[in-house]
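Note sheet for the following structure.
All chains are named by letter (A, B, ...) in the order of the sequence lines, taking the proteins before the strands, and each is independently numbered beginning at 1. Please read these numbers as outputs of a predicted model, since none were measured by experiment.
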Amino acid sequence: MVCRMVQGFFDHYESEGFFDEMFDGDGKVRPHYQRILERFTEMDAQTFERKRALAEKAYLNQGITFTIYSGDEGTERIMPFDLVPRIIPAEEWRHLERGLEQRLRALNLFLHDVYHGQRIIREGIIPLEIIQTAKHFRPELVGVDVPHDIYIHVCGTDLIRGADGRYLVLEDNGRCPSGVSYLLENRQAMKRVFPHLFSRYPVRPVDKYPQELLSALRYVAPHGNPDPTVVVLTPGIYNSAYFEHSFLARSMGIEIVTNQDLIVKDDVVYMRTTKGLEKVDVIYRRVDDDFLDPTVFRKDSMLGVPGIVNAYRKGNVNLANALGTGVADDKVTYYYVPAMIRFYLGEEPILPNVDTFLSAVDSDRKYILENLENLVIKAANESGGYGMMIGPKATREEIEKFRAAIIADPRGYIAQPVINLSRSPCYCDGAFEGRHIDLRPYILMGEKTTIIPGGLTRVAMRKGSLVVNSSQGGGTKDTWVLDEGGQPC
Amino acid sequence: MLSRVADSCFWLSRYLERAETNSRILDVNIQIALDFEENNDAKARQQWMPILASAGEQELFHQIHGQVTSEAIMDFVTFEKTNSNSILSSMTLARENARTVREQISSEMWEQLNRLYLYLQSPAARTAFRESPIGFFRLLVDNLHSFQGITDATMTHGEGWQFIQAGKYIERADSTSRVLDFKYHLLLPSGEQVGGNVDITQWMAVLRSCSAMEAYFKISHGHVTSWQVAEFLILHDTFPRSIRFCVDALDQALHCISGVDRSHFSNEAERLSGALRSNLAFTTVDSIFRFGLHQYLDQTQERLNEISNALAETYFRWT
């Protein structure tokens, strides 16, 4: 089946007019990819296939899988992993770091403001209705102080590059962003499969993430407790991200708990241990607000801990991320982030947004409805690639369905022009072909802001697809940030 | 340590030991079958049905397979998903438990367990099983032994490890008693004498299924009698699969968990294990046979069960 030589793989490689990470517009390899290209060209097809199988097997044996439910049995799949790394030169990364740090600083100030004085509303930067109608705004949290005024401790900001290669912010994930375990495991897999590549590239390591996360979590303990008990709260082993929850708990050396391990007594959270009840100070929770406490939010939640919100409001326990951060990653709020940066920081945004139209604004809505077939429409509160329509690829019925939905609920939708995401070569059925990618860096906020070099590069594995989410058939790549001054040798 | 985690460590270990027991029993039964070649249906029924320990299991077997054949029973005990005691079911449950405590056990432990589970699910396992059942069960036992070696070498010998030990030894004590009892149910063909060739071969098979043959012959000077084998497998103080050894190790694990001196007890589980331990230390094989071997083993299983319940009550159920 696959028996020709790999150098043939790139012979017919075409950028097809998209911004390609590896080749420039003239089809010449970009300097930071030179060594990679050589290495891949040296290899024969059998070797490449063997390495691919090796990586795949490592993921399967470690149980780095997510579960797909179909028929009577859930089957475990590994997330497709592509062996061509995505490489970011040092200078490019420095620019991204500055932009991400700035953005998270503004978002945290916004969250504090929105749950306290609401100066940004009073001064007319964001309309009151936008906040009041945000699905994830939590009136229960107004006036509640959180340690060090940090709301988003872990942020996953999705970046894309358009046709000109400029980085744009696509969305901020300030609730429970997932995927960091793939970033860490991808690096392990690459080291196992291509050990020699790392001696030729000054790649910045990523493996300090769990320790950085733990120190951020410890920093935000209630009452400045210097030796807090920190735990990871998971919905349980049937959650598709359970591997990640367990991976993080293991790498931080802390307990992973489910709701059944926790109990609230007199507004203090305890866990059930073999020695009796033990007080818990900080919870890195991977359970959404809605399911966290059946006495406050959804009554039907089977994953919640009754009484935990009161314990939180009393300041006896801290949650990361804070409750109510969803108001900041609402896609309508997203529109206002550049304005927030100017308002709170008096700075110009370093990383621009994608142009966005709000269907809640009359003039924008008119434009949106007239141009549905050319725009990307997104529901304001969905994530994971759900609730969106890519106009040029949509059927007549889909377009009409979204038209009706927008008219019925203007606040619920935004529109953006179609961005042709940059592409990177991916191995597909025996040859390399361009596939669209994005980048999700992970930003931690504790005593200082830490950004793990790179992030998770997600790949839309289906030919021509612009949707990178794993639930929609996406895969991943290892992401290399090169060290300052270091050159591939 | 979280109660739920302790519970999972305990059970993951029990399920693995259970899978090992089933592999051993099947292995040994195949070997006995090979020794007596004139096989027919009645013989097969006589030899293979006792493997199905409970009436419920036998009923389920008949629902799935019309005829009792050695292949059908082996398949039922090895791969049948609806049989909650099958090797595959035990491995699945062990893995589910391990999944919930992945951050407590070492990656090496998880990978070994997961690899074995994935193998059992694969067509390769079916092929190996068909080609050489003995080879297949040996492979399973070897891999389960590797898991124990990996556990001892890579996991902190703290509380979680002690719960794993407790699970392992309580299940193993139970398993040895069942293997012995299995021989009790295995009828001798008509005309065969107690102490005759067939009887001896069966007792040797029992020893082999407990990996006890070599250790046994070192002290028995070549004689194989029911009394000596029973004495060895119940009362030997240093053979690691004897009931006495296992109960002693269980008792030790319980005291390591509580931190209480072994001459005292601080909870019901310790009281019960201490009582069983001293019974095993001070009884003789004569009195066991006077009491009735089957009755004694039955009672021992009952007592192990009580210890397991008391352990759960003590450590796993906080409100």
Exercise. Could you tell me whether A:Gln260 atom CD has more than 12 heavy atoms of other residues or ligands within 6.0 Å of it?
Key: no
Quiz item: What distance separates B:Ser258 OG from A:Lys275 NZ, expressed to the nearest 0.5 Å?
Solution: 8.0 Å
Quiz item: Quick one: CZ on B:Arg102 to CZ on A:Phe247, what's the gap to the nearest 0.5 Å?
Solution: 9.0 Å
Quiz prompt | Option among A:Val257, A:Thr274, A:Leu262, A:Thr258 that satisfies the side-chain contact (heavy atoms from CB on, under 4.5 Å) test with B:Leu2 | solution = A:Val257
Self-check item: Partner residues of A:Arg52 under the salt bridge (charged side-chain N to carboxylate O under 4.0 Å, His left out) criterion, sequence neighbours left out
Solution: A:Glu49
Quiz item: For the atom pair CZ (A:Arg250) and OG (B:Ser107), what is the distance rounded to the nearest 0.5 Å?
Solution: 5.0 Å
Exercise. Pick one of side chain, backbone, both or neither for A:Leu248, based on which atoms fall under 4.5 Å of a heavy atom in chain B.
Key: neither
Exercise. Calculate, to the nearest 0.5 Å, the distance between atoms CZ and CD belonging to B:Arg4 and A:Glu255 respectively.
Key: 8.5 Å
Quiz item: Should we say atom CZ of B:Phe265 is surrounded by more than 12 heavy atoms from elsewhere, each under 6.0 Å from it?
Solution: no
Quiz item: Crowded around A:Asp266 CG? As in, over 12 foreign heavy atoms under 6.0 Å?
Solution: no
Quiz item: Side chain, backbone, both or neither: which part of B:Ile105 has a non-hydrogen atom closer than 4.5 Å to chain A?
Solution: backbone
Practice problem: Could you tell me whether a side-chain N or O of B:Ser3 sits under 3.5 Å from a main-chain N or O of A:Thr273, the two making a donor and an acceptor? | Solution: yes
Quiz item: Got a donor-acceptor contact below 3.5 angstrom from the A:Tyr242 side chain to the B:Arg99 backbone?
Solution: yes
Quiz item: Looking at CG of B:Asp7 and CZ of A:Arg272, how far apart are the two atoms once the value is rounded to the nearest 0.5 Å?
Solution: 12.5 Å
Practice problem: Measure across B:Glu96 and A:Ile237 and return the closest heavy-atom pair with its distance rounded to 0.1 Å. | Solution: OE1-CD1, 3.4 Å
Quiz item: Do any of residues 145-163 of chain B come closer than 4.5 Å to chain A, heavy atom to heavy atom, and if so which ones, in number order?
Solution: B:Glu159, B:Phe163
Exercise. Name the region of A:Tyr270, side chain, backbone, both or neither, that has any atom closer than 4.5 Å to a heavy atom of chain B.
Key: neither
Quiz item: So which of B:Gln112, B:Gln104, B:Glu111 has the largest heavy-atom pair count under 4.5 angstrom toward chain A?
Solution: B:Glu111
Exercise. Could you tell me whether A:Lys279 atom NZ has more than 12 heavy atoms of other residues or ligands within 6.0 Å of it?
Key: yes
Quiz item: Under the 3.5 angstrom rule, does the side chain of B:Asn114 hit a backbone N or O of A:Leu60 as a donor-acceptor pair?
Solution: yes
Exercise. Find the distance between OG1 (B:Thr100) and CD1 (A:Ile256) and round it off to the nearest 0.5 Å.
Key: 9.0 Å
